[in-house]
Amino acid sequence: MNSTLLRTTAVRSALRAAAPSASKRAGLAGTTFVRGKATLPDLPYDYGALEPAISGKIMELHHKNHHNTYVTSYNNFITQLEEAQASSSIEAIQKQIALKPLINFHGGGHINHSLFWENLAPTSQGGGEPPTGKLASVINESYGSLDAFKEKFNTALAGIQGSGWAWLVQDVQTGAVGIRTYANQDPVVGQFRPILGIDAWEHAYYLQYQNRKAEYFKAIWDVVNWKTAEQRLK
Amino acid sequence: MELHHGKHHQTYITNLNAALKTQAEAVHTSDITTQVSLQAAIKFNAGGHINHSLFWQNLAPASSAEAKGSAAPQLVKQIKETWGDEEKFREAFKAALLGIQGSGWGWLVKVEIGNEQRLSIVTTKDQDPVVGKGEVPIFGVDMWEHAYYLQYLNGKAAYVENIWNVINWKTAEERFVGTRADAFKILKASI
């Protein structure tokens with residue numbers, strides 16, 4: 001396959017449609033002529049590795065279908081944005097602005113899930129082992145104990161009205177940590193740095209827990225990768 | 001349907017009643033801060049109750065006479081006048097449903113402006129209900145993942161395609177020719 005072919009929309013669409021082609025596209029993205037395409041990252045563990053907290057079926061659909069749709073849609077809308085930016089006519093600017101919510105949603109979906117996969121781990125790879133060092137200290141200082149923190153975090157998750165995420169964040173100015181919820185796929189950007197996120201969309205738990213989302217929120221702490229969270233904290 | 005009705009809808013009702021009870025106490029003690037802080041919970045849970053109550057009524061088994069467009073002659077006439085033909089209306093409704101980011105609903109709404117009645121497709125987020133001035137909900141489609149995930153997984157386009165087979169056009173016609181109070185009658189009967 002040569003560079004001229006890759007520039008055509010038809011081939012891009014075909015590549016996108018051929019999910020899951022993560023490794024193939026990751027390879028292509030490494031070459032110079034496909035500029036900055038987002039790709040679906042591989043999971044650092046098997047789909048079934050987080051059982052019984054999260055079923056393999058959920059993980060597979062969540063990664064291969066949901067996350068992949070955010071990736072392909074994000075690439076699609078970024079391509080449209082690049083085309084719209086070629087002009088500064090009123091129509092082109094209208095198009096650019098109209099694309100912003102779509103980029104926020106699909107780009108946010110890609111970012112959120114990429115961070116989420118990394119802040120989970122099977123128990124055999126350290127999942128559920130409590131934080132150490134600076135992160136352990138700030139959680140204890142801010143919340144009293146890890147259990148008290150989890151309780152606050154689960155209350156925040158349960159309070160989300162509709163689809164969204166809860167995050168342990170760090171204020172980039174003050175360094176203080178806090179719990180914040182975000183609607184839909186709004187990403188943690190700007191004043192706050194994402195440390196640890198839990199997906200509260202129904203697709204994250206429905207096949208296994210149905211309407212009993214409190215059970216999902218309780219179980220997921222068994223597979224939280226605190227090592228990743230520690231590395232994100234500054 | 002069983003989980004959706006027996007668990008999800010029931011939870012909205014339980015939480016609404018709890019919030020209304022707390023609110024009544026806060027009104028009794030003139031605790032304005034608590035009254036205001038309860039508003040989001042009341043809107044969300046009341047919205048969930050209203051939306052689902054309307055939704056069940058605007059669905060019907062595919063084999064029934066109610067599920068045929070012929071059960072709604074006046075509504076279908078106005079749909080054709082507004083969108084050109086039924087197919088274009090369905091396409092517009094489908095696009096609106098699939099464009100919802102996160103949880104929400106799509107509604108066909110009758111808007112009364114003076115003596116005029118217009119049809120419009122609106123989407124609402126989470127459980128926000130269609131209760132605006134002069135707005136009458138004709139029929140709604142639930143786009144929360146709990147409404148389709150066990151059957152369609154991430155294939156929500158197929159859910160949106162198949163929901164047309166079970167729309168209750170008889171109910172839709174009644175809401176279209178009736179008033180706003182008529183559409184919400186079911187709520188009064190169930191409280």
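Numbered from 1 within each chain, the chains take letters A, B, ... in sequence-line order.
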Colleague: Name the one of B:H52, B:H49, B:Q127 that satisfies side-chain hydrogen bond (donor to acceptor under 3.5 Å, both in side chains) with B:Y12?
Modeller: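 Exactly one candidate clears the test, B:Q127.
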Colleague: How are the rings of B:W164 and B:F89 set relative to one another: parallel (under 30°), tilted (30 to 60°) or perpendicular (over 60°)?
Modeller: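 Ring orientation of B:W164 relative to B:F89: perpendicular.
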Colleague: For residues A:Q161 and B:W144, report the shortest heavy-atom separation together with the two atoms involved.
Modeller: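 Distance-wise, the nearest heavy atoms are C-CH2, 4.5 Å.
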Colleague: With only heavy atoms counted, which part of A:L61 is less than 4.5 Å from chain B, the side chain, the backbone, both or neither?
Modeller: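 For A:L61, side-chain heavy atoms alone lie under 4.5 Å from chain B.
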Colleague: Below 4.5 Å from any heavy atom of chain A, which atoms of B:L150 appear? Answer side chain, backbone, both or neither.
Modeller: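 Contact with chain A: backbone and side chain both.
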Colleague: Can you classify the ring geometry of A:Y209 versus A:Y216 as parallel (below 30°), tilted (30 to 60°) or perpendicular (above 60°)?
Modeller: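 The rings of A:Y209 and A:Y216 sit tilted, inter-plane angle from 30° to 60°.
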Colleague: Pick from B:K7, B:K125, B:Q101: which one has the most heavy-atom pairs with chain A under 4.5 Å?
Modeller: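 The residue among B:K7, B:K125, B:Q101 with the greatest pair count is B:Q101.
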